Amino acid sequence: MYTPAPRDPKQPPVRINLLSDTQTRPTAGMREAMARAEVGDEQIGDDPSVNLLCERVAGLLGKQAAVFMPSGTMCNVTATLVHCRPGDEILAHGSAHIIAREGGAHAALGGFQITALPGDDGKFTPGTFRSALHPRTRYQPPQTVVSVEQTANIGGGTIWNKTDLDEIVQIARSNGLATHMDGARLLNACVATGIGASDMTMGWDSAWIDFSKGLGAPIGAVIAGSRDFIDEVWRWKQRLGGSMRQAGICAAACTYALDHHVDRLAEDHSNARALARGLAQIAGVDVQQPETNLVFFKPDGAGISGNDMVARLRQHGVLLAMMDGRIRACTHLDVSADMIEETVGLVRDIARGA
């Protein structure tokens, strides 16, 4: 369960925010781009800034078309509503957002069941996927979609191997399943591996990227796919109240992020590695080595629980959270190398005094 530290007004202000990359604030350049944005009525396709962003993302992901969404959750929900019919089965890792972090939306709105596949670090293998497939009979739900999360959040910000992604696509196609990629931190994976976004999503029927995480925009995500798929996504966007008016103000922030905040994700990864190295040198602290910008660790071996460590750090103005029994620290554009060094020092001091 995701349990952020309580926001007690008696506590000192947050100086180092490692809670999530959703905590970023728009930079001065991004705010200026938002202020200068050309706008129109997004709902009728008349907002030039939204249209530009969608064209950029469709090209980036190698798809025919794209649509701007208020959130990544709406990307996932509308995708399954298009791909599936009530009673259909979706296959995904057990820790995936569509199972654990979206309020049961896929069952509530679509009547779908999601089968949780096992696997280490938030990923299942192609073999596990193949083994989960069953014959198409009237006794079992139609298996319609396989979904992956790039990167795997609860897995530790881990990256799906491109070879495995390609094999999963091949298995899905040969068995009549659609493929969906939750790409909330897709560009983190691309920067870390050097694999282009269009190559990473090649063969996937739908994929999206989130702009309100590592890319630093205040709102928005864009989902891409075939023109026919996006037409149906638009229908569900309208039904769910996701259509907007002068959304170009938000879209301009996302376009700015594509121009200025992608390559710098490497800095977040470097800071995450530095944090992991420092924590690993503290006796009794168990650290999962990061692949991108997420660092999961447990201080129990040092004689202090994760909850107590989070609370003690909050007293020093450092904000983190417990996630599924571990502390999660997330680096982003508002976290500097000096902040990482200070955080390590605070954890060391607290552990010594435990």
Side-chain angles (χ1 to χ4, degrees), residues 16-34 36-37 49 52-63 66 68 72 75 149-153 156-162 165 181-202 204 207-224 250-277 289-295 329-341:
I16 302 174
N17 193 331
L18 292 165
L19 181 70
S20 175
D21 41 13
T22 61
Q23 302 290 296
T24 57
R25 303 292 192 268
T27 63
M30 181 177 285
R31 289 176 185 270
E32 182 180 350
M34 296 172 73
R36 291 187 285 102
S49 296
L52 173 64
L53 174 65
C54 291
E55 290 172 7
R56 286 279 302 271
V57 174
L60 180 68
L61 301 185
K63 308 301 180 189
F68 184 48
C75 290
E149 185 178 294
Q150 182 74 301
T151 61
N153 176 18
T158 50
I159 301 169
W160 285 77
N161 182 282
K162 178 67 165 62
L165 292 176
M181 181 180 289
D182 173 338
R185 295 183 176 92
L186 169 63
L187 295 185
N188 287 90
C190 293
V191 168
T193 61
I195 299 172
S198 61
D199 288 337
M200 194 74 81
T201 61
M202 185 179 299
W204 292 82
W208 60 273
I209 56 176
D210 196 320
F211 287 92
S212 67
K213 292 188 170 68
L215 295 179
I219 189 173
V222 177
I223 185 169
C250 298
C254 301
T255 299
Y256 181 91
L258 287 178
D259 291 336
H260 299 278
H261 291 172
V262 176
D263 290 343
R264 67 145 309 280
L265 291 172
E267 298 175 27
D268 299 340
H269 302 167
S270 177
N271 282 335
R273 291 191 297 271
L275 177 60
R277 281 195 304 270
Q289 292 303 307
E291 295 182 12
T292 51
N293 68 322
L294 302 179
V295 180
C330 184
T331 58
H332 50 79
L333 61 84
D334 288 341
V335 174
S336 67
D338 288 342
M339 291 176 178
I340 294 298
E341 185 176 353

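Model, not experiment: these values are computed from the prediction. Along the sequence shown, residues are numbered consecutively beginning with 1. Every heavy atom of this structure was used, including side-chain atoms; hydrogens, water molecules and symmetry mates were not.
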What's the shortest heavy-atom distance between [X] and [Y], and which atoms?
X	Y	answer
A189	T151	CB-CG2, 3.8 Å
W208	A221	CE3-CB, 4.0 Å
L333	G214	CD2-O, 4.3 Å
L61	A197	CD2-CB, 3.8 Å
A252	A33	CB-O, 3.6 Å
A257	F211	CB-CD2, 4.3 Å

Under the side chain to side chain donor-acceptor pair (under 3.5 Å) test, residues paired with E149 that sit two or more places apart: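 Listed in chain order: H97.
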Over 12 foreign heavy atoms within 6.0 Å of CD, Q289: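 It does: Q289 CD has more than 12 such atoms within range.
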Interatomic spacing from [atom1] in [X] to [atom2] in [Y] - rounded to 0.5 Å:
X	Y	atom1	atom2	value
M200	L60	CE	CG	11.5 Å
T331	N17	OG1	CG	12.0 Å
L52	T255	CG	OG1	5.0 Å

Hey, are the side chains of [X] and [Y] touching, using non-hydrogen atoms and a 4.5 Å cut-off?
X	Y	value
V335	D268	no
N153	L294	yes
N293	C330	yes
V57	I209	yes
V222	R56	no

Could you pull out all residues at least two apart from [X] that satisfy salt bridge (Lys or Arg N to Asp or Glu O under 4.0 Å)?
X	answer
R273	none
D334	none
E32	R36

Checking the side chain of [X] only, and the main-chain atoms of [Y] only, is there a donor and an acceptor separated by less than 3.5 Å?
X	Y	answer
T292	G157	yes
K162	D199	yes
Q150	M181	no

Please list all pairs passing the side chain to side chain donor-acceptor pair (under 3.5 Å) test where one or both residues lie in residues 184-196, with sequence neighbours left out.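 Matches after skipping sequence neighbours: D21-R185, N188-H269.
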Pairs satisfying side chain to side chain donor-acceptor pair (under 3.5 Å), at least one member in residues 210-224, at least two apart: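 Every side chain to side chain donor-acceptor pair (under 3.5 Å) pair that includes a residue of residues 210-224, provided the two are not neighbours, is D210-S212, D210-K213.
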Who pairs with [X] by side chain to side chain contact (heavy atoms under 4.5 Å, CB included), at least two apart in sequence or on another chain?
X	answer
S336	D338, M339
P218	P26, M30, M34, A253
E291	T158, I159
C250	F68, I219

Sequence-distant partners of Y256, ring pair (Phe, Tyr, Trp, His ring centres under 6.0 Å), two or more places apart: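 Checked Y256 against ring pair (Phe, Tyr, Trp, His ring centres under 6.0 Å); matches are H260, H261.
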Ring pair (Phe, Tyr, Trp, His ring centres under 6.0 Å) involving W204 - partner list, sequence neighbours excluded: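 Checked W204 against ring pair (Phe, Tyr, Trp, His ring centres under 6.0 Å); zero matches.
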